[in-house]
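Bear in mind the structure is a predicted one, so any value in this text is a computation, not a measurement. Reckoned from all heavy atoms, side chains included, excluding hydrogens, waters and symmetry mates.
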Protein chains: 2
Amino acid sequence: MATGRTHRPATRSRGIPEATVARLPLYLRALTALSERSVPTVSSEELAAAAGVNSAKLRKDFSYLGSYGTRGVGYDVEYLVYQISRELGLTQDWPVVIVGIGNLGAALANYGGFASRGFRVAALIDADPAMAGKPVAGMPVQHTDDLEKIIEENGVSIGVIATPAGAAQQVSERLIAAGVTSILNFAPTVLSVPDGVDVRKVDLSIELQILAFHEQRKAGEETGGGAEAAGTPAEGTTGGASGTGAAPAAGRAGRRLRAQGRARG
Amino acid sequence: MATGRTHRPATRSRGIPEATVARLPLYLRALTALSERSVPTVSSEELAAAAGVNSAKLRKDFSYLGSYGTRGVGYDVEYLVYQISRELGLTQDWPVVIVGIGNLGAALANYGGFASRGFRVAALIDADPAMAGKPVAGMPVQHTDDLEKIIEENGVSIGVIATPAGAAQQVSERLIAAGVTSILNFAPTVLSVPDGVDVRKVDLSIELQILAFHEQRKAGEETGGGAEAAGTPAEGTTGGASGTGAAPAAGRAGRRLRAQGRARG
DNA sequence: ATGTCTTTGTGAACGCGTGCACAAAGATTG
DNA sequence: CAATCTTTGTGCACGCGTTCACAAAGACAT
C-alpha cells in the first residue's frame, strides 16, 4: 500500500475500524462498475473477488455499517453504492486545493478520479510567479500569496501538497492556519501538524523501495540457494554477507531464473 | 498511507515483519538527511522523532536487522544508512520501466526520488504511436510493441503502470510474461497476478476518500452535536438519516467551526 | 578499576485485524 | 405451508504489530 497513516492513533472513528474505512473506497469502485453494467444485486463472494479481498472480511466490513444485505440473495448494488458513499461523505461536495503545480501537481489537476467522487479542484496554487495565470487543466494557476483568501472563500478543508520537500512543512502550516484540516502529502517529508488535523502520505519512492526489498529477496532465494533458510542472525561487519553474492549482476541473473513464478510458501 | 498491500499474505519475508519493511525507507530518508548534515550518531529517540514514529517501535524494528547500535551512545548514522540500504536492496541497481506516459507517467519519469535511491528509469513505454520518439524527461518514449524486448534487454524486474484502468490488466500480463515480478500500480483497478509477483497499489482517489470520511466525521461532531453518540445502528431506508443533516452546506458550515483544532480523544 | 549515567535491545502484555465456521434469515420450490 | 437451499451476519480463536518497562551493555568520569 502506497499510503501511510499518520496521526489518528488507533481510535475507531465511530465503531468503524480504520482498516475497514480504508477498504470502503475499494468496494465502492467495484460496486460502481457493477452499477454501470446494470447489475442489480451481488453476493459477498462476487463482490469480494471484484474488490480483491476475502469475502468474510467484506461481510464483516459491511456489518459495521449495518445490515444492508438480504440473506439468500446478496446486496442491492445501487443501495450499497449509496450507503457507502454516504458513509464516506461523498454525497457532499468537497472543494480541494492543490499546492505545488510541478509535474506531479499538474498530473493531479488533470486526474479524472477526483471529480467523479465528489471532489472538486477549487484552485491550483504555486509559489512561482511565472506560473501565475498559466492555465493547467483548464484552470489558471494562482499565486501562493492568495492561499489564505482562496481557502476561506471556497470553504476548503482538504489540501493536497505536491511541492518540493523543503516547502511542504511551511505550506501545511499556512493551509492549517487558514482552515484546512485534512492534508494529502506527496512531498517526501514528515509533516508535523496539530491535533485534529489528518495527514495521509503518498511517497512513490518508498513504494518502490518496498518492492525492491521483496525483489531482492526473490533473487537471493534462487541465486544464493538458501541464504535465509538457516535463519542466521545475519551480519559480520562488512557488506555482501547474506543474500547479495554478486550484487551488481544479481538483477539480471536472478531475473532470468525466476521467470515462471514459483509458488509462495 | 496511500498504499495497499496486495498478495503476500502475512508471510514474514525472512524474519523481518512486513510492517517493519514498510518503515525502513522512512528511517533511511531521515538518516540520509542527518548524513548530509554530517551528524555522526543519533539516538533512537531523535531518529524516531525525525521519522515520525515511536522510539520503541524504531528500536524493535532495528532489532530485526541486528544489533547496530551502541548502548549509551546511539546509532552510527553512516553505518546504519549502509545497513538499511543493503537490507532494502538499494545497493544494487534497479532498472524500472514506466508504462503509460500520460500526465502521471510523465510526472513519474521526472520524479527525482527514483534515481537517488538506486532506481533507474530504463524506458518509458506508451501505446499511443503519436507519443513514440517524443522526449519525456530527456528520454524518448517507446511503443508498447517493443515492451517485451525492452524488458529482456534491460533485465527489468520492476514495472510501473500508469495507464488508464482499462489497459492495466493486459499491460501487467505482458510485463509479467516478459519477466517482471514486481509492479507498482497507479491504475484504479485490481490486478490479478500469479503467485510470486508482488503488486503495490497507489490510488489517489482512495486516499482522498479516506480523508473525506474523517473530515465528514469532524464536521458532523460539531454541527450535528452527537449524531453518532447514541450508537444508533443507523438506517431507515432513504437518505439523510444520521450525520448529514444539511449535507450541501455542511462543508462550509463545519469548516468554519472547527478552525482551532480540537483535542482528539 | 569502580561507579554512575545513558541508551539500547527485548521479554511480555495487550489490542486490533483476519479468517473460520456456523447459526439465523430469508428466498424459492413443490 | 413445509422443506430445501443460498447467503448473510457474527462469535470465536489466532496471529501480527504495538507499546511498556526493564535488565544488560557500554561510555564516561573519577
Side-chain angles (χ1 to χ4, degrees), chain A residues 1 3-24 26-27 39-77 79-80 83 210 233-235, chain B residues 1 3-24 26-27 39-49 51-77 79-80 83 233-235:
Chain A
M1 139 167 15
T3 294
R5 296 167 189 67
T6 320
H7 241 245
R8 176 125 355 215
T11 320
R12 300 207 163 180
S13 297
R14 165 211 175 177
I16 302 185
E18 190 63 28
T20 295
V21 172
R23 279 188 295 267
L24 290 182
L26 228 58
Y27 303 143
V39 177
T41 62
V42 65
S43 72
S44 65
E45 203 72 46
E46 293 166 330
L47 185 55
V53 303
N54 179 305
S55 74
K57 195 187 297 186
L58 178 143
R59 285 199 300 277
K60 179 145 293 193
D61 281 344
F62 285 174
S63 79
Y64 292 117
L65 309 183
S67 291
Y68 295 150
T70 307
R71 300 181 189 220
V73 175
Y75 300 91
D76 181 283
V77 172
Y79 185 56
L80 202 49
Q83 290 300 343
I210 298 173
E235 284 341 299
Chain B
M1 110 179 59
T3 294
R5 296 164 190 67
T6 318
H7 241 247
R8 177 122 359 213
T11 320
R12 300 207 162 179
S13 296
R14 167 210 172 179
I16 302 185
E18 189 63 28
T20 295
V21 172
R23 279 188 296 267
L24 289 182
L26 229 58
Y27 302 144
V39 177
T41 62
V42 65
S43 72
S44 64
E45 203 71 47
E46 293 166 330
L47 184 55
V53 302
N54 180 306
S55 73
K57 196 186 298 187
L58 178 143
R59 285 199 301 276
K60 178 141 290 195
D61 282 343
F62 285 175
S63 78
Y64 291 117
L65 309 184
S67 291
Y68 295 151
T70 307
R71 300 181 189 222
V73 175
Y75 300 91
D76 182 284
V77 172
Y79 185 57
L80 202 48
Q83 290 300 343
E235 284 342 296

Exercise. Give me the residues of residues 42-50 of chain A where at least one heavy atom lies under 4.0 Å from an atom of DNA chain C, by number, or none.
Key: none
So if I take every side-chain heavy atom of [X] and compare against [options], which nucleotide ends up nearest?
| X | options | value |
| --- | --- | --- |
| K57(A) | dG19(C), dT19(D), dA21(D) | dG19(C) |
| S63(A) | dG9(D), dC20(C), dT8(C) | dG9(D) |
| A56(A) | dG9(C), dC20(D), dC20(C) | dC20(C) |
| N54(B) | dC20(D), dA21(D), dA21(C) | dC20(D) |
| E18(A) | dG17(D), dG19(C), dG17(C) | dG17(C) |

When rounded to the nearest 0.5 angstrom, what is the spacing between [atom1] in [X] and [atom2] in [Y]?
| X | Y | atom1 | atom2 | answer |
| --- | --- | --- | --- | --- |
| N54(A) | K60(A) | CG | NZ | 11.0 Å |
| E46(B) | L58(B) | CD | CG | 11.5 Å |
| D76(B) | Q83(B) | CG | CD | 10.5 Å |

[X] [atom1] to [N] [atom2]: how many Å, rounded?
| X | N | atom1 | atom2 | answer |
| --- | --- | --- | --- | --- |
| Y27(A) | dT8(D) | OH | P | 13 Å |
| R23(A) | dG17(C) | CZ | P | 9 Å |
| Y64(B) | dT18(D) | OH | C1' | 9 Å |
| R59(B) | dA21(D) | CZ | C1' | 10 Å |
| L80(A) | dT8(D) | CG | P | 11 Å |
| L58(B) | dT18(D) | CG | C1' | 13 Å |
| D61(B) | dT10(C) | CG | C1' | 13 Å |

Minimum heavy-atom separation for [X] and [Y], please, with both atom names.
| X | Y | result |
| --- | --- | --- |
| S55(B) | A48(B) | CA-CB, 3.5 Å |
| L24(A) | L65(A) | CD2-CD1, 4.0 Å |
| T20(A) | D61(A) | OG1-OD1, 2.7 Å |
| V42(A) | V77(A) | CG1-CG2, 4.0 Å |

Quiz item: Side chain of T70(A), backbone of V73(A): donor and acceptor closer than 3.5 Å?
Solution: no
Practice problem: Report the residues that fulfil ring-ring contact (aromatic ring centres under 6.0 Å, His included) with F62(B), sequence neighbours left out, ordered by chain and then residue number. | Solution: Y27(B), Y75(B)
Quiz prompt | Distance-only donor-acceptor test (3.5 Å): side chain K60(A), base dG19(C) | solution = yes
Quiz item: When all nucleic acid strands are considered with a 4.0 Å heavy-atom cut-off, which category describes Y75(B): base, sugar-phosphate, or nothing?
Solution: sugar-phosphate
Using a cut-off of under 3.5 Å, enumerate the N/O to N/O pairs linking the protein to nucleotides 23-27 of chain C.
| residue | atom | partner | partner atom | Å |
| --- | --- | --- | --- | --- |
| dA24(C) | N3 | R71(A) | NH1 | 2.6 |
| dA25(C) | O4' | R71(A) | NE | 3.4 |

